[in-house]
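All values derive from a computational prediction rather than experimental measurement. Only heavy atoms go into these numbers, but all of them, side chains included; no hydrogens, no water, no symmetry mates.
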Amino acid sequence: EYISSIPGAFGMEQPQLRTGHYSPEDDPNGVAGAVIRFLDDIYAPNRFERVIRETFESARNSFVCDDAACSHDSDQNAMRMSPGAELVLRKPIDLSKHGELKIAFRYLADEVGPDAKLIVDLGDDGNWTNLLTLHRGADRDRGDFSNRSTDYGYVRVKRGEVAFTRDAKIRFRFEDGIANAAMLIKDVGIYRRK
């Protein structure tokens with residue numbers, strides 16, 4: 001019942017959520033807000049603290065990327081990543097006194113191949129740990145995303161599952177064998193709690 005009341009929700013399973021597929025095209029802010037509230041209500045009474053909420057309205061933002069591999073897309077309010085690109089959080093965040101990390105983001109695949117991957121890592125001092133790997137579906141309704149369809153990614157980890165350090169960084173990586181493919185990162189929210 002709850003899922004059916006979320007704007008843009010419908011019943012296709014999405015692996016990173018395990019509660020159904022969310023289509024944010026209808027109301028991206030409403031869908032993201034409803035999903036975050038829903039998960040907070042289920043898992044713990046104490047609230048997450050917002051660390052970063054990036055909407056990519058300009059090229060000057062909370063993330064850095066090699067200019068040859070990324071560009072700001074002002075029409076989409078997004079960072080456009082070419083294959084091999086890494087979009088990395090500009091300033092590290094302190095997770096040393098926190099017990100949980102949550103990352104939510106919207107993204108759009110543009111002309112990606114069947115082996116395309118969007119990867120989210122957590123790192124410290126050049127040592128990276130994979131948190132989430134999303135794959136393109138070879139067929140419709142398969143995989144985590146498809147071309148020209150804005151989607152929602154989500155990962156939540158606890159201390160002990162990965163190292164929570166004082167100088168933690170988050171990066172998005174895009175891998176694909178198609179040279180003109182692109183992945184657009186539209187919004188990113190990073191949250192932590194004790």
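- Note that CD1 of Ile93 is 7.5 Å distant from CD1 of Ile52, once rounded to the nearest 0.5 Å.
- At a threshold of 4.5 Å between side-chain heavy atoms, the hydrophobic network of Ile, Leu, Val, Met, Phe, Trp and Tyr places Met81 and Ile119 in two separate groups.
- A donor-acceptor pair is defined here as one N or O able to donate and one able to accept, closer than 3.5 Å; such a pair exists between the side chain of Arg90 and the backbone of Asn61.
- At distances below 3.5 Å, at least one donor-acceptor pair connects side-chain atoms of Arg159 with backbone N or O atoms of His98.
- With sequence neighbours excluded, the residues forming a ring pair (Phe, Tyr, Trp, His ring centres under 6.0 Å) with Phe56 are Phe63, listed by chain and number.
- The minimum heavy-atom distance linking Ala109 with Ser146 is given by the pair CB-O, 3.8 Å.
- Proximity of Lys91 to Ser62: side-chain heavy atoms (C-beta onward) are nowhere separated by under 4.5 Å.
- Residues Phe164 and Arg192 fail the side-chain proximity criterion, which asks for heavy atoms closer than 4.5 Å.
- With values rounded to the nearest 0.5 angstrom, Ile170 atom CD1 is found 7.5 Å from Leu131 atom CG.
- Evaluation of the side-chain hydrogen bond (donor to acceptor under 3.5 Å, both in side chains) rule for Thr133 yields Asn130 as partners, not counting sequence neighbours.
- Under the salt bridge (Lys or Arg N to Asp or Glu O under 4.0 Å) criterion, Arg50 pairs with no residue, sequence neighbours left out.
- The other members of the hydrophobic cluster of Leu108, by chain and number, are Leu184 (side-chain heavy atoms under 4.5 Å, ILVMFWY only).
- A distance of 13.5 Å separates NZ of Lys169 from CG of Asn127, quoted to the nearest 0.5 Å.
- Looking at every heavy atom in both residues, Ala168 comes nearest to Leu122 through CB-CD1, 4.0 Å.
- Applying the side-chain hydrogen bond (donor to acceptor under 3.5 Å, both in side chains) rule to Thr129 yields no partners; only residues at least two apart in sequence or on another chain are considered.
- For Glu161, the salt bridge (Lys or Arg N to Asp or Glu O under 4.0 Å) criterion is met by no residue, not counting sequence neighbours.
- Under the salt bridge (charged side-chain N to carboxylate O under 4.0 Å, His left out) criterion, the residue pairs touching residues 113-126 are Asp121-Arg171, Asp121-Arg173, with sequence neighbours excluded.
- Between Arg193 and Glu49 there is no salt bridge, since none of the side-chain N atoms of the basic residue sits less than 4.0 Å from a carboxylate O of the acidic one.
- Summarising the geometry of Cys65 relative to Glu86, their closest heavy-atom pair is SG-O, 3.2 Å, with the distance given to 0.1 Å.
- Heavy-atom minimum distance, Ile103 versus Val120: CD1-CG1, 4.2 Å.
- In Arg166, the CZ atom is not crowded: 12 or fewer heavy atoms of neighbouring residues, nucleotides or ligands sit closer than 6.0 Å.
- Residues meeting the salt bridge (Lys or Arg N to Asp or Glu O under 4.0 Å) test with Asp110, sequence neighbours left out: Arg80.
- A distance of 12.5 Å separates NZ of Lys158 from CG of Leu101, quoted to the nearest 0.5 Å.
- Shown here for Ala104 and Tyr154, the closest heavy-atom pair between the two residues is CB-CD1, 4.2 Å.
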Self-check item: Check against side-chain contact (heavy atoms from CB on, under 4.5 Å), Val112 and Asn147
Solution: CA-CA 6 Å; Val112 302; Asn147 279 312; 3.3 Å; yes
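- Residues passing the salt bridge (Lys or Arg N to Asp or Glu O under 4.0 Å) test with Glu57: none are found, sequence neighbours excluded.
- The side-chain hydrogen bond (donor to acceptor under 3.5 Å, both in side chains) check on Ser96 picks up Asp94, with sequence neighbours excluded.
- Nearest heavy atoms, Arg156 versus Phe48: NH2-CE1, 3.5 Å.
- For the atom pair Ile185 CD1 and Met79 CE, the distance stands at 10.0 Å (nearest 0.5 Å).
- Interatomic distance, CG of Leu134 versus CG of Leu118, reported as 5.5 Å (0.5 Å rounding).
- Grouped by direct or indirect side-chain proximity (heavy atoms under 4.5 Å, Ile/Leu/Val/Met/Phe/Trp/Tyr only), Trp128 sits with Val64, Val88.
- Annotation: ring pair (Phe, Tyr, Trp, His ring centres under 6.0 Å) contacts of Phe105 (sequence neighbours excluded): Tyr107, Phe172.
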